[in-house]
There are 2 protein chains.
Amino acid sequence: MEKTKEKLIEAATNLGEGIGLNRAVCQIYALLYLSDHPLSPTEIGKILGMSKGNVSINLRTLEQWDAVKKIWRKGYSRALYTANENIEEIVLNKLKTGIEKRLKYIKPIISLAKENPSHSDENFSEKINQIEKLLSKIEFFLGNFETIKSLITK
Amino acid sequence: MEKTKEKLIEAATNLGEGIGLNRAVCQIYALLYLSDHPLSPTEIGKILGMSKGNVSINLRTLEQWDAVKKIWRKGYSRALYTANENIEEIVLNKLKTGIEKRLKYIKPIISLAKENPSHSDENFSEKINQIEKLLSKIEFFLGNFETIKSLITK
DNA sequence: AAAATAATTTAAAACATATTAAACAATGGA
DNA sequence: TCCATTGTTTAATATGTTTTAAATTATTTT
């Protein structure tokens, strides 16, 4: 592979790792993003020096994020992969999904704490109120997410 | 400790772990956040059933994030700790610092790729342009960060 | 100043995650 | 249909992170 491309992939991978993604996922996405043609899992593995099992696992992860997609070429009947080039869209969607999941989890717990008769503790109920306020801000944010997203991505 | 509080700390910790923070950091912050009075490292360790080494390490991490602060009480000459209650502020500051660090790292690499004479590859220079556009969006965002922050936190 | 208590640092252990290698399944071409 | 090739799953290995326990350092009390 070209030296510059290699460096870019390396840089992107470090970046991704910094925000908690695993190495393989970043490498594969960066490779596909920079490639001008779709690649097969085998090619990906060869180029990146990575086992085919690892390629397989992480391609599926990327598909779930809608960060890459399978395409079919006449002649080839096995799938090739391309990157969804809209990085902002991918990131924002992941963000939204993540926040939603966590909200759903925390809300009932806060409700429970609110109902609970530990009214003697003034500080505690004040803190619960603070958290509730924060949660409703986040919910507002989610409610306007599509608007915010289009402001950013367009 | 009170049952409800315990559950809340547990929930907050799971939440934090979900976004890549370590268990101890979350537990300590949640405990201090919900406590109505400052706590010493020893107390924290005892309440959470955690080694003092672990408390020490993770308190320092939290201090670096400005998520907790040392306070002194007359009579006590050793430091006690309280939570910075403004969670939004903490999160946004961490976000900003993180983005800045990563920008500084990726920018020179992009510049290098741009200078590089791989002009034969039309696709490649197009992709570089895409990334540059994205980076300048992020920079714009950072430039207006204080404004955005005050919109959110106030 | 010495003893007691508290906090930090460190090296090792426990734990978690990512990666591989090998077995298995599916597909395409002879 | 059988062989060759590609992709997936899995169990194990390797790697990285968190936590602890113990040693060290700092602080307070007597």
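Per chain, numbering begins at 1; letters A, B, ... match sequence-line order. Source: prediction; values computed, not measured.
Listed by residue number, the members of residues 28-47 of chain B with any heavy atom below 4.0 angstrom from DNA chain D form an empty set. Within residues 49-66 of chain A, the residues that have a heavy atom under 4.0 Å from DNA chain D are, in order of number, Lys52(A), Gly53(A), Ser56(A), Arg60(A).
For Ile99(A) against Leu142(A), the heavy-atom pair with the smallest separation is CG2-CD1, 3.9 Å.
No side-chain heavy atom of Glu89(A) sits under 4.5 Å from any side-chain heavy atom of Asp66(A). You'll find the side chain of Asn129(B) reaches within 4.5 Å of the side chain of Lys114(B), heavy atoms only. At least one side-chain heavy atom of Glu88(B) sits less than 4.5 Å from a side-chain heavy atom of Leu134(A). A 4.5 Å side-chain heavy-atom check between Arg78(A) and Trp72(A) finds every atom pair outside the cut-off.
Defined by atom type and a distance below 3.5 Å, a donor-acceptor pair is present between the side-chain atoms of Asn123(A) and Lys127(A). Residues Asn22(B) and Asn58(B) have side chains that bring a donor and an acceptor to within less than 3.5 angstrom of each other.
Pairs passing the salt bridge (charged side-chain N to carboxylate O under 4.0 Å, His left out) check and including a residue from residues 21-43 of chain A, sequence neighbours excluded, read Glu10(A)-Arg23(A), Glu17(A)-Arg23(A).
Atom CG of Asn22(A) is separated from atom P of dA16(C) by 18 Å (rounded to the nearest Å). Atom-to-atom, CG of Leu21(B) to P of dT17(D) comes out at 15 Å; the value is rounded to the nearest Å. Nucleotide dG16(D) holds its P atom 9 Å from the CD atom of Glu17(A), rounded to whole Å. Taking atom CD of residue Gln27(A) and atom C1' of nucleotide dA18(C), one finds them 12 Å apart after rounding to whole Å. Taking atom CG of residue Leu80(B) and atom P of nucleotide dT5(C), one finds them 19 Å apart after rounding to whole Å.
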Would you tabulate the nitrogen or oxygen pairs shorter than 3.5 Å linking the protein to nucleotides 25-29 of chain D?
| from | atom 1 | to | atom 2 | distance (Å) |
| --- | --- | --- | --- | --- |
| dT27(D) | O4' | Arg78(B) | NH2 | 3.3 |
| dT28(D) | OP1 | Ser77(B) | O | 3.4 |
| dT28(D) | OP1 | Ser77(B) | OG | 2.0 |
| dT28(D) | O5' | Ser77(B) | OG | 3.1 |

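Shown here are the side-chain contact (heavy atoms from CB on, under 4.5 Å) partners of Ile106(B), two or more places apart in sequence or in another chain: Ala11(A), Leu15(A), Leu103(B), Ile110(B), Leu135(B). The ring pair (Phe, Tyr, Trp, His ring centres under 6.0 Å) check on Phe141(B) picks up Phe145(B), with sequence neighbours excluded.
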